[in-house]
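Throughout, protein chains are lettered first and strands after them, A, B, ... in sequence-line order, and every chain is numbered starting at 1.
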There are 4 protein chains.
Amino acid sequence: MPIGFGDPGEGRPDELAAVPREISIGDLRYTTSHCVRGRPPGRAGRLCYSLAMRPDSKPVDQKTFIEEARRAQIVSCAVEVIAEVGYGQTSLARIAQRAGISKGVISYHFAGKDELIQQVAEYVVGNARAYMRPYIEAAPDAFGQIRGFIEGNLGFVGAHREQLLALGDILANARDANGSLMPDISGASGAIGTLDEFLRRGQKDGQFRAFSTRVMATSIRAALDAVSGQLIADPELDLRAYARDLVDLFHHATKA
Amino acid sequence: MPIGFGDPGEGRPDELAAVPREISIGDLRYTTSHCVRGRPPGRAGRLCYSLAMRPDSKPVDQKTFIEEARRAQIVSCAVEVIAEVGYGQTSLARIAQRAGISKGVISYHFAGKDELIQQVAEYVVGNARAYMRPYIEAAPDAFGQIRGFIEGNLGFVGAHREQLLALGDILANARDANGSLMPDISGASGAIGTLDEFLRRGQKDGQFRAFSTRVMATSIRAALDAVSGQLIADPELDLRAYARDLVDLFHHATKA
Amino acid sequence: MPIGFGDPGEGRPDELAAVPREISIGDLRYTTSHCVRGRPPGRAGRLCYSLAMRPDSKPVDQKTFIEEARRAQIVSCAVEVIAEVGYGQTSLARIAQRAGISKGVISYHFAGKDELIQQVAEYVVGNARAYMRPYIEAAPDAFGQIRGFIEGNLGFVGAHREQLLALGDILANARDANGSLMPDISGASGAIGTLDEFLRRGQKDGQFRAFSTRVMATSIRAALDAVSGQLIADPELDLRAYARDLVDLFHHATKA
Amino acid sequence: MPIGFGDPGEGRPDELAAVPREISIGDLRYTTSHCVRGRPPGRAGRLCYSLAMRPDSKPVDQKTFIEEARRAQIVSCAVEVIAEVGYGQTSLARIAQRAGISKGVISYHFAGKDELIQQVAEYVVGNARAYMRPYIEAAPDAFGQIRGFIEGNLGFVGAHREQLLALGDILANARDANGSLMPDISGASGAIGTLDEFLRRGQKDGQFRAFSTRVMATSIRAALDAVSGQLIADPELDLRAYARDLVDLFHHATKA
DNA sequence: CATGAATGAGCCTTCATTCAT
DNA sequence: CATGAATGAAGGCTCATTCAT
């Protein structure tokens with residue numbers, strides 16, 4: 001199940017979520033040039049052609065444009081599909097179908113399914129962080145940060161429910177080759193660390209009573225993650241009220 | 001992620017859990033899991049289940065008996081496999097392999113993979129309920145019930161970690177044919193209803209302050225469910241202390 | 001291109017080539033038995049069921065029967081396909097199609113394409129050895145062995161042209177994961193060692209002149225291998241005459 | 001496996017072999033293969049071919065020129081790739097990657113993969129013929145021609161092992177659309193005809209005894225072709241000695 | 001009741017080829 | 001002339017399921 005995103009640091013801007021579906025841009029401009037040099041008339045000379053070769057690093061931004069747009073489109077469709085049918089039922093075929101492209105395109109733009117899934121996770125985590133940052137930065141004190149975290153998180157749930165559903169499914173299923181759970185794909189669970197930090201500060205400031213910050217942080221995140229599930233069961237759920245109630249809950253749980 | 005099991009009511013008796021694990025007789029004496037790993041190579045083994053019978057029960061229907069024993073064995077092996085490699089990597093072949101039987105047996109005893117998974121979920125839920133019942137029944141008041149719920153739940157996590165891991169994976173992946181999440185497979189989440197009831201009673205008795213019982217119940221269960229994840233990250237986790245901290249957390253969160 | 005097979009040792013009997021295409025045989029007989037022991041009437045007893053478990057090693061030959069028959073059938077069809085369309089164009093689908101079975105069957109009986117190909121190579125090598133053995137064993141002296149080798153080899157080419165074509169294609173394409181040639185899959189090239197031995201003996205006996213046995217052995221085998229190619233170009237090629245000419249050639253090349 | 005090239009007639013000039021390998025000018029100076037491996041990372045490179053021109057040739061058609069240079073570059077890279085990873089593992093993508101160009105370029109300059117492969121074969125055959133011609137032309141008599149053929153062939157193997165490995169792989173896999181072997185792609189096996197001619201002349205001159213010239217020619221070529229395989233197994237193989245031994249072998253085999 | 005054999009759909013990936021830019 | 005993007009077919013493989021024995 002999903003996960004709170006804490007680190008208010010470098011996230012992708014939310015606009016990225018707005019994926020352009022129609023793309024039509026130029027590409028690299030490596031062309032072939034030729035020169036005839038130093039050939040005195042009537043003497044053997046050398047015709048020198050220089051053939052274009054691909055550079056090792058993408059030199060221009062332009063070329064990344066269409067590439068990135070497609071990748072974004074595919075990632076976006078993957079989010080939709082995962083959220084809708086679940087990780088287990090998600091196949092490249094289904095994603096391609098939703099994107100209206102052929103399976104091969106995905107393989108062309110991503111090294112494989114794993115990379116795509118990884119990108120999806122990072123995409124959602126990035127969006128969530130960016131969304132939550134202002135909520136947290138505005139906070140005057142430690143509990144304000146907790147409140148901001150809760151409200152920001154539920155705000156994102158409301159705004160991009162799909163994304164969190166998808167991420168939750170991915171995290172619940174992310175396993176390495178051995179089948180062992182990968183509990184922290186894409187640093188998603190950084191949230192707990194962030195919360196822990198807030199809680200410690202509150203304790204130091206005397207705003208919070210003594211408690212295990214680890215248990216408290218874990219429980220806050222768990223409570224937030226549980227909301228996606230509630231939303232599925234009751235799509236009409238009032239997230240604003242839910243956020244208020246959670247803030248209240250953890251206010252009583254933490255206050256000195 | 002897993003789930004708390006509350007209803008202290010009609011669970012399957014705990015012995016059922018033992019059927020496929022404790023084996024008493026036969027020319028070879030293995031537990032179900034030993035049978036695969038520890039069988040002397042080159043010899044066909046025989047898993048021999050002996051089921052306790054009440055003296056004055058009527059003649060037993062053999063068919064039902066062996067049937068049930070097999071089902072229990074398969075369910076038990078399925079739990080192991082799911083906990084180990086994850087739902088997504090769990091195939092009938094792997095389960096059969098672990099049980100030392102052929103794939104066909106599973107299809108014979110279960111209508112399909114779905115039914116097997118369903119049975120696994122019910123099996124774990126039943127065990128968890130039976131395990132938690134005494135914790136809860138001994139409680140003198142509403143918060144005592146909450147405390148019992150938390151302690152019983154974490155006790156079960158400690159005693160049968162595998163089962164909860166498996167259940168968690170199943171619930172995270174349980175989907176109907178359409179791909180929609182089935183948030184309440186096998187009535188597992190009955191837990192929330194039970195908790196809700198306890199909380200209401202506490203409010204009525206004046207032991208608890210006013211709060212949304214739904215949000216509180218959901219958060220308690222979420223906090224409990226999160227523990228499996230913590231256990232994976234840190235297998236040395238002190239569950240007893242964790243339980244104490246959680247009880248403390250929700251004591252402050254609920255008390256009048 | 002193909003290869004001579006020297007080692008006159010343990011080959012499969014030629015009959016193996018006659019693959020039964022219709023199969024219908026019994027299988028393992030592991031059934032479930034049950035016993036009620038020592039239950040004095042009216043007292044609690046123990047109903048003891050013993051459930052069948054697969055043994056680790058295949059205990060009976062019967063079970064291998066159908067299995068082996070299918071494997072043989074598939075190997076046989078693979079030979080045909082490879083000989084006909086070439087290694088590069090040979091897919092499991094084509095083999096399955098020729099065998100009138102579904103692709104899955106092949107995967108069921110062989111660990112993968114690699115194992116199948118390996119089996120094909122071993123099958124042909126085994127047949128060739130078995131075929132050539134009597135030719136060589138009857139030889140009175142070193143050159144008699146060379147003669148037997150040549151005649152046996154060309155005899156096998158005539159009798160099972162397909163098999164050598166297939167083997168040749170496999171050997172020409174057998175590469176490990178890195179793409180490096182695997183020059184000696186299934187010990188096929190043991191032939192050179194065998195020839196080398198014959199040649200050394202002839203030199204020791206004074207029957208042969210001095211020469212590099214390695215170069216001579218390699219050339220003999222190469223000359224034999226080239227025959228398959230000639231056969232393709234000219235299906236009417238008189239193999240008996242060809243053998244006589246080759247024997248003559250290497251008689252002059254080796255004689256003291 | 002490779003093939004001897006006999007016809008000392010119309011081969012492409014040896015320089016062609018050099019076109020894509022020796023590069024003289026340009027801001028960057030790499031050979032074709034270096035360009036991929038040794039290009040300074042992050043900089044676009046330019047492969048610059050300079051083609052020798054006769055002083056009084058008419059104005060060169062640029063189109064043809066650059067076209068030919070590219071084709072030569074691609075053919076050359078194809079040789080490398082085939083020799084390295086084998087025909088079966090050779091894809092246009094891999095060739096393009098080695099050439100530092102995009103896949104499309106290949107499709108642009110060649111009608112398809114088949115034409116490219118055909119060109120590769122012709123390229124190698126042409127080089128081999130050109131290489132061998134002086135060896136053969138210098139011969140005073142029939143056996144001298146045979147000797148020249150053998151020495152020239154092994155000389156080429158030593159000088160351009162890669163090319164023969166590639167050709168061998170191609171010939172072993174060259175099939176038409178139906179999957180039938182194309183035993184004489186690019187007239188490669190013309191070698192047999194050439195040898196046959198030499199042998200007949202020797203018989204007419206009384207230098208050679210009576211034997212089937214076809215069998216003898218085929219065996220000579222086969223013995224030569226086998227050398228590539230020996231080289232793989234033992235890269236330290238002394239080709240000069242090997243040639244001497246082969247000459248000796250066929251001297252005894254043919255002499256009157 | 002259990003088995004091994006078989007099926008057929010689906011999965012991910014690779015590939016030669018085409019094409020707008 | 002070169003490119004990157006896209007396609008669609010095919011490849012090998014896994015899997016849940018069915019079935020005769």
With a 4.0 Å cutoff (strictly under), does any side-chain N or O of R70(B) reach OP1 or OP2 of dA2(E)?
yes
Looking at H109(C), does any N or O in its side chain come under 4.0 Å of the phosphate oxygens OP1/OP2 on dG4(E)?
no
Residue mapping more 5' on DNA chain F - nearest nucleotide basis, S91(C) or Y108(A):
Y108(A)
More 5' along DNA chain F: S107(C) or S102(A), using each one's nearest nucleotide?
S102(A)
State which residue, out of R70(D), Q118(D), R71(D), fulfils the side chain to side chain contact (heavy atoms under 4.5 Å, CB included) condition with F110(D).
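Among R70(D), Q118(D), R71(D), the one meeting side chain to side chain contact (heavy atoms under 4.5 Å, CB included) with F110(D) is R71(D).
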Checking base pairs now: Watson-Crick or wobble, both atom distances under 3.5 Å. What partners dC12(E)?
dG11(F)
pair_partner(dA5(E)), Watson-Crick or wobble, both distances < 3.5 Å, evaluates to dT18(F)
Nearest-Å distance, [atom1] ([X]) to [atom2] ([N])?
X	N	atom1	atom2	result
Q97(B)	dC15(F)	CD	C1'	14 Å
I95(C)	dG12(F)	CD1	C1'	11 Å
I117(C)	dG11(F)	CD1	P	13 Å
D114(A)	dC11(E)	CG	C1'	13 Å
Q89(D)	dA16(E)	CD	P	11 Å
Q73(D)	dA2(F)	CD	P	9 Å
K113(B)	dG10(E)	NZ	P	16 Å
I106(D)	dC15(E)	CD1	P	12 Å

Please confirm whether the backbone N or O of [Y] pairs with a side-chain atom of [X], one donor and one acceptor, at under 3.5 Å?
X	Y	result
S76(D)	A72(D)	no
R98(C)	V81(C)	no
D169(D)	Y87(D)	yes

Sugar-phosphate only, base, or nothing, as touched by I101(A) at under 4.0 Å among non-hydrogen atoms:
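Sugar-phosphate: the residue I101(A), judged by heavy atoms under 4.0 Å, touches backbone atoms but no base.
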Quick one: the side chain of K103(B) and the base of dT17(F), do they pair up donor-acceptor inside 3.5 Å?
yes
Which sits closer to the 5' end of DNA chain E, A111(A) or G100(C), going by the nucleotide each is nearest to?
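The residue closer to the strand's 5' end, by nearest nucleotide, is G100(C).
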Tell me which of T90(A) and G104(C) sits closer to the 5' end of DNA chain E, going by the nucleotide each one is nearest to.
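Residue closer to the 5' terminus by nearest nucleotide: G104(C).
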Should I95(A) and I101(A) count as side-chain neighbours, where that means a heavy-atom distance under 4.5 Å?
no
Looking only at the side chain of V105(C) (C-beta and beyond, no hydrogens), which of the listed nucleotides dA5(F), dT7(E), dT13(E) gets closest?
dT7(E)
